[in-house]
Participant: 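Supplied in C-alpha cells, the structure appears directly below.
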Amino acid sequence: DFQGMEHQYAQIATEIHAAEVMTYNACRMKENNIPFVKEASMVKLFASQVAEKAASKSIEWLGGVGFTQELLAEKFFRDCKVGSIYEGTSNIQLQTIAKRIKEDYK
C-alpha cells in the first residue's frame with residue numbers, strides 16, 4: 001500500500017529523530033560543562049537541512065496545492081529556507097565544525 005510513500009515518510013521521520021537526539025546530546029554536554037560548540041553547530045546545520053527537506057517533501061507530497069497559501073506547507077518551507085540564512089548560514093556552521101575538528105586532532 002503506497003510503499004514508496006511509506007519509505008519517504010520513514011526516511012524523514014528517521015532524520016527528524018536523529019536531529020532530536022543530536023540536540024539532546026549537545027544540551028547534555030552543556031549541562032555537564034563539556035565543550036559543545038562543535039556539536040551545537042552540527043545540530044544547527046543538520047536540523048536546518050532536515051527541516052528544509054521535510055518541508056520540501058511535504059509540498060511534493062501535496063502536489064500542486066502544496067504551493068498555495070491554502071495550506072501551511074509553503075509557509076513552513078519559506079520559514080525553513082530563511083531560517084538557514086538568518087540563524088547562521090550553513091557555511092558558517094560548516095566552518096565552525098571544521099575549525100573544532102582541526103583543534104580536536106592537533
Side-chain angles (χ1 to χ4, degrees):
D1 299 305
F2 303 106
Q3 190 177 38
M5 290 298 296
E6 291 175 341
H7 291 177
Q8 292 179 50
Y9 297 148
Q11 181 66 42
I12 294 295
T14 301
E15 291 176 20
I16 290 170
H17 180 70
E20 287 180 68
V21 172
M22 290 173 70
T23 301
Y24 289 131
N25 183 56
C27 292
R28 177 193 58 79
M29 292 175 75
K30 180 176 179 0
E31 287 178 348
N32 290 301
N33 297 317
I34 300 170
F36 68 99
V37 172
K38 177 179 72 177
E39 288 75 9
S41 291
M42 288 177 169
V43 170
K44 286 179 75 172
L45 174 67
F46 185 70
S48 70
Q49 292 171 342
V50 170
E52 190 174 330
K53 182 177 178 181
S56 177
K57 283 291 188 183
S58 295
I59 290 173
E60 183 181 317
W61 296 329
L62 290 167
V65 75
F67 285 111
T68 67
Q69 292 182 347
E70 186 177 323
L71 302 176
L72 292 176
E74 60 85 25
K75 180 187 182 316
F76 294 145
F77 181 76
R78 282 186 291 118
D79 290 348
C80 291
K81 192 66 177 170
V82 79
S84 67
I85 296 167
Y86 73 80
E87 288 291 332
T89 66
S90 296
N91 288 338
I92 291 172
Q93 299 308 325
L94 289 169
Q95 188 61 43
T96 301
I97 295 163
K99 181 181 175 183
R100 298 298 176 177
I101 289 171
K102 283 183 196 175
E103 290 173 0
D104 288 347
Y105 292 96
K106 279 190 174 181

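What's counted below: heavy atoms across the whole structure, side chains too, no hydrogens, waters or symmetry copies. In this chain, residues are counted from 1 in sequence order.
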Participant: Look up atom CG in Leu71 and atom CG in Leu62, then write down how far apart they are to the nearest 0.5 Å.
Facilitator: 6.0 Å

Participant: Taking atom CD of Glu6 as the centre, does the number of heavy atoms from other residues, nucleotides or ligands within less than 6.0 Å exceed 12?
Facilitator: yes

Participant: Rounded to the nearest 0.5 Å, how far apart are CG of Leu45 and CD1 of Ile92?
Facilitator: 11.5 Å

Participant: To the nearest 0.5 angstrom, please state how far the OG1 atom of Thr14 sits from the NE2 atom of His7.
Facilitator: 11.5 Å

Participant: With a 4.5 Å cut-off on side-chain heavy-atom distances among I, L, V, M, F, W and Y, is there a chain of contacts connecting Met29 to Phe46?
Facilitator: no

Participant: How far does OG of Ser48 sit from CD of Gln93, to the nearest 0.5 angstrom?
Facilitator: 7.5 Å

Participant: Before giving the answer on side-chain contact (heavy atoms from CB on, under 4.5 Å), spell out for Met42 and Thr96 the whole-Å C-alpha distance, their side-chain angles and the decisive distance to 0.1 Å.
Facilitator: CA-CA 9 Å; Met42 288 177 169; Thr96 301; over 6 Å; no

Participant: What are the two closest non-hydrogen atoms of Ala73 and Gly66, and how far apart are they?
Facilitator: CB-O, 4.1 Å

Participant: For Lys57 and Glu60: C-alpha separation, side-chain torsions, deciding distance, then whether salt bridge (charged side-chain N to carboxylate O under 4.0 Å, His left out) applies.
Facilitator: CA-CA 5 Å; Lys57 283 291 188 183; Glu60 183 181 317; 3.7 Å; yes

Participant: Find out whether Gln8 and Trp61 are in side-chain contact, i.e. whether some heavy atom of one side chain is under 4.5 Å from a heavy atom of the other.
Facilitator: yes

Participant: Can you see which heavy atom on Asn25 is nearest to which on Glu39, and at what distance?
Facilitator: ND2-CG, 4.3 Å

Participant: CD/Gln49 to SG/Cys80 distance, rounded to the nearest 0.5 angstrom?
Facilitator: 12.0 Å

Participant: Running the 4.5 Å side-chain criterion over Ile, Leu, Val, Met, Phe, Trp and Tyr, what cluster does Leu72 land in, apart from itself?
Facilitator: Phe76

Participant: Does some side-chain heavy atom of Lys53 sit less than 4.5 Å from a side-chain heavy atom of Gln11?
Facilitator: yes

Participant: Could you pull out all donor-acceptor pairs under 3.5 Å where a side-chain atom in residues 16-24 meets a protein atom, sequence neighbours excluded?
Facilitator:
unit_1	atom_1	unit_2	atom_2	d
Thr23	OG1	Ala19	O	2.8

Participant: Determine all donor-acceptor pairs shorter than 3.5 Å in which one atom belongs to a side chain in residues 99-106; sequence neighbours excluded.
Facilitator:
unit_1	atom_1	unit_2	atom_2	d
Arg100	NH1	Glu103	OE1	3.3
Asp104	OD2	Lys38	NZ	2.9

Participant: Using 0.5 Å steps for rounding, measure from the NZ atom of Lys44 to the CG atom of Leu94.
Facilitator: 12.5 Å

Participant: Below 4.5 Å, heavy atoms only, C-beta onward: do Gln69 and Glu74 meet side chain to side chain?
Facilitator: yes

